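Here the structure is laid out as structure tokens; the discussion comes afterwards.
Reminder, nothing fancy here: chain letters follow the sequence lines and each chain counts from 1. Bear in mind that the values here come from a model prediction, so they are computed numbers and not experimental data.
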Number of protein chains: 2
Amino acid sequence: MPSEKSPVNVFQNPSIVRAKEIIKNGISHRKTLILIGNCWVDYHGRAGSKLFPGERIVIMKEDGSLLVHRSTGYEPVNWQPPGCIFEANLKENVLEVKAIRRKPAETVVVYFDKLYLVSVLDLEDFGEFALHASEEDMQKAILTEPSLIEPGFKPVTYEKKVEPGFMDIYGIDSQGRFVVVEIKRKTAGKEAVLQLARYVESVKSMVNREVRGILVAPSIAKGVQRLLETLKLEFKALSPKKCAEILSKPEIKKLEEFL
Amino acid sequence: MPSEKSPVNVFQNPSIVRAKEIIKNGISHRKTLILIGNCWVDYHGRAGSKLFPGERIVIMKEDGSLLVHRSTGYEPVNWQPPGCIFEANLKENVLEVKAIRRKPAETVVVYFDKLYLVSVLDLEDFGEFALHASEEDMQKAILTEPSLIEPGFKPVTYEKKVEPGFMDIYGIDSQGRFVVVEIKRKTAGKEAVLQLARYVESVKSMVNREVRGILVAPSIAKGVQRLLETLKLEFKALSPKKCAEILSKPEIKKLEEFL
DNA sequence: GAGTGGATTTCGCAT
DNA sequence: ATGCGAAGTCCACTC
């Protein structure tokens, strides 16, 4: 019998009855559980699904999230986001693991008739997570280094609300013309262009004079180039990586002025 | 020593050296692996991230997908979709597990200094997965039972391409007027309305006469109701569940005519 | 609590 | 390969 204080307790080929006890205990102590065995799954809620028997990995986390993973695929085949209530019950030598969510009302039930492994985990994890090169990073980079757009560009505001939504950056060019900047961290598609067009139209109708629209992205989808030209919008190539590099320079401190 | 044919082989608290051997062997045999231990993670690719040390669950699947899960959250903190090449190497008593992707060029490296559990899996999973109440189900339900839209409605085509994209359903009402139907499986927001508006505009400009636009969804976002009216579009309440029920009736066979 | 938009979105389908 | 849109998307943030 492994010590109760080990971060990982493992039970191999437990009987269904034994598994139920271990899992019930794990749930009541808010442990993270890993179950591997032969199972089938029903889901009812926003949609509904039925997964027929097979061997899978089930993870029940401390925060009430549930994942059912097959041996292929990035995504779980069934799941439930955090906040579920877990239940484990025995019915005719079948173990039922339920994850119940209130809003929206949803249930995932996993039925096991054979468990190869039940593991009870107590993981200590306080490590920080830092992500770079997001769209937000691109915005910050442009705000600290407006010449990335073009010489003489001066940001006025960012995340400014106009009727259709929020403009990423709004500013003035070297000629004093108004400029709306729309940022995308990956290849810009039709949607990005139409979004920018709506912002430009909206600003134009308010100020009643010329407004430039500049789409900033690492690249632009092929068919969309024409749409961009038709709408008299402009494109400026800029990659999230380049932006991340700029932000990693000492001058990031300039940013603080904006916050 | 567990049999090589067991679907689940478990190694508890292996040394780093031993773990490397097990993992290398698992990779070369295309097994699914579960690693639990103290690790830190670097990611470089479309974006970049750094995860500082902590105890986590790592899954390496047969198809080359990688998941790094913390003890909370539905989503993995780091990951790589299927198609990666895995490597396991030892550097100064630290185990490096690498997942390398070619297109886009990306790398996730997980560094372990302590492993509590290494499990090598050989899961048999041929169970079918069936999902109900998707947007596609709603489309099918309307095609088999057009009166769901309104009495006298007759679908003409579906997934028909017009300039802005694909119309979900296109048909004719009891008065002979053209109708564009846009389907959403959940509360319709601004985007859905604008999408429908573009389709209606596009068809109108082609046929040069009145075209109705009907948004089909379980409900409509509050502020969006006004937008809908402004654009002279209509709304028809219909839930994916109701559609799924209709499809579960024996008459589904009518559907085959469409396929 | 609802609405809005981003995401290392992933995934599937069509061109 | 690329483009496009859905997803049981999830998630963070605002109102």
Side-chain angles (χ1 to χ4, degrees), chain A residues 41 43-49 65-68 73-83 101 103-108 129 131-139 159 161 164-166 168 182-192 195 219-225 240-241 244, chain B residues 41-49 65-68 73-83 99 101 103-108 129 131-139 159 161 164-168 182-192 195 219-225 227 240-241 244:
Chain A
V41 185
Y43 158 64
H44 290 283
R46 288 165 294 175
S49 72
S65 45
L66 173 82
L67 305 169
V68 181
Y74 159 82
E75 294 181 324
V77 58
N78 278 111
W79 73 91
Q80 210 54 233
R101 196 181 175 191
K103 193 99 201 311
E106 296 196 301
T107 321
V108 172
F129 177 72
L131 179 70
H132 310 288
S134 57
E135 179 177 316
E136 190 186 350
D137 277 2
M138 293 181 73
Q139 192 188 57
E159 298 299 333
K161 174 131 182 76
F166 291 84
D168 288 334
E182 174 67 29
I183 304 167
K184 288 294 162 204
R185 67 175 307 286
K186 47 178 196 175
T187 303
K190 193 186 301 181
E191 295 231 342
Q195 202 176 335
S219 59
I220 187 165
K222 217 184 320 165
V224 181
Q225 178 81 47
K241 277 209 155 177
Chain B
V41 185
D42 285 347
Y43 158 64
H44 290 284
R46 289 164 292 176
S49 74
S65 46
L66 173 81
L67 305 168
V68 180
Y74 159 83
E75 294 181 324
V77 58
N78 278 113
W79 73 90
Q80 212 51 230
R101 196 182 176 191
K103 191 110 204 312
E106 296 197 300
T107 319
V108 172
F129 177 71
L131 180 69
H132 309 287
S134 57
E135 181 178 314
E136 190 185 350
D137 277 2
M138 294 182 73
Q139 193 188 56
E159 298 300 336
K161 173 130 181 77
F166 291 85
M167 294 182 291
D168 288 335
E182 173 68 28
I183 304 168
K184 288 293 160 204
R185 65 176 309 286
K186 46 179 198 176
T187 304
K190 193 187 301 181
E191 293 225 350
Q195 200 175 335
S219 59
I220 186 166
K222 216 181 324 163
V224 180
Q225 179 82 47
L227 178 61
K241 279 209 157 179

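Residues A:Leu67 and B:Tyr74 form a side-chain contact, since some pair of their non-hydrogen atoms from C-beta on lies under 4.5 Å apart. Here the side chains of A:Lys184 and A:Gln195 are in contact, with some heavy-atom distance below 4.5 Å.
Regarding B:Glu159, its CD atom lies at a distance of 11 Å from the P atom of D:dG5, rounded to whole Å. The CD atom of A:Glu191 sits 10 Å away from the P atom of C:dG5 (whole-angstrom rounding). The interatomic distance linking A:Met138 (CE) with C:dG5 (C1') rounds to 16 Å, in whole Å. In this structure, A:Lys184 atom NZ and C:dG6 atom C1' are separated by 7 Å, rounded to whole Å. In this structure, the CG atom of B:Leu67 is 11 Å from the P atom of C:dT10, given to the nearest Å. The distance between atom CD of A:Gln195 and atom P of C:dT4, rounded to the nearest whole Å, is 13 Å. For the pair B:Ile220 CD1 and C:dG3 P, the interatomic distance rounds to 10 Å; values are reported in whole Å. Between the NZ atom of A:Lys190 and the P atom of C:dA14 there is a distance of 16 Å, rounded to whole Å.
Going from the P atom of C:dT4 to that of C:dT8 covers 23 Å, rounded to whole Å. Taking atom P on both nucleotides, D:dC4 is separated from D:dG8 by 23 Å, rounded to a whole Å.
Formation of a donor-acceptor pair under 3.5 Å by the A:Asp137 side chain with backbone atoms of A:His132 is not found in this model.
Taking 4.0 Å as the cut-off between side-chain N and carboxylate O, B:Glu106 and B:Arg101 count as a salt-bridged pair.
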So if I define the base as every atom that isn't primed, P, OP1 or OP2, how would nucleotides 7-15 of chain D read as a B/S/- string at a heavy-atom cutoff under 4.0 Å?
SBBSS----
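For D:dT2, one of the phosphate oxygens OP1 or OP2 lies less than 4.0 angstrom from a side-chain nitrogen or oxygen of B:Lys103.
Rounded to the nearest 0.5 angstrom, B:Leu66 CG and B:Thr107 OG1 are separated by 11.5 Å. Note: B:Asp42 CG to B:His44 NE2 = 5.0 Å, rounded to the nearest 0.5 Å.
Using modelled atom types, one finds a donor on one side chain and an acceptor on the other under 3.5 Å when comparing A:Ser49 with A:Asn78.
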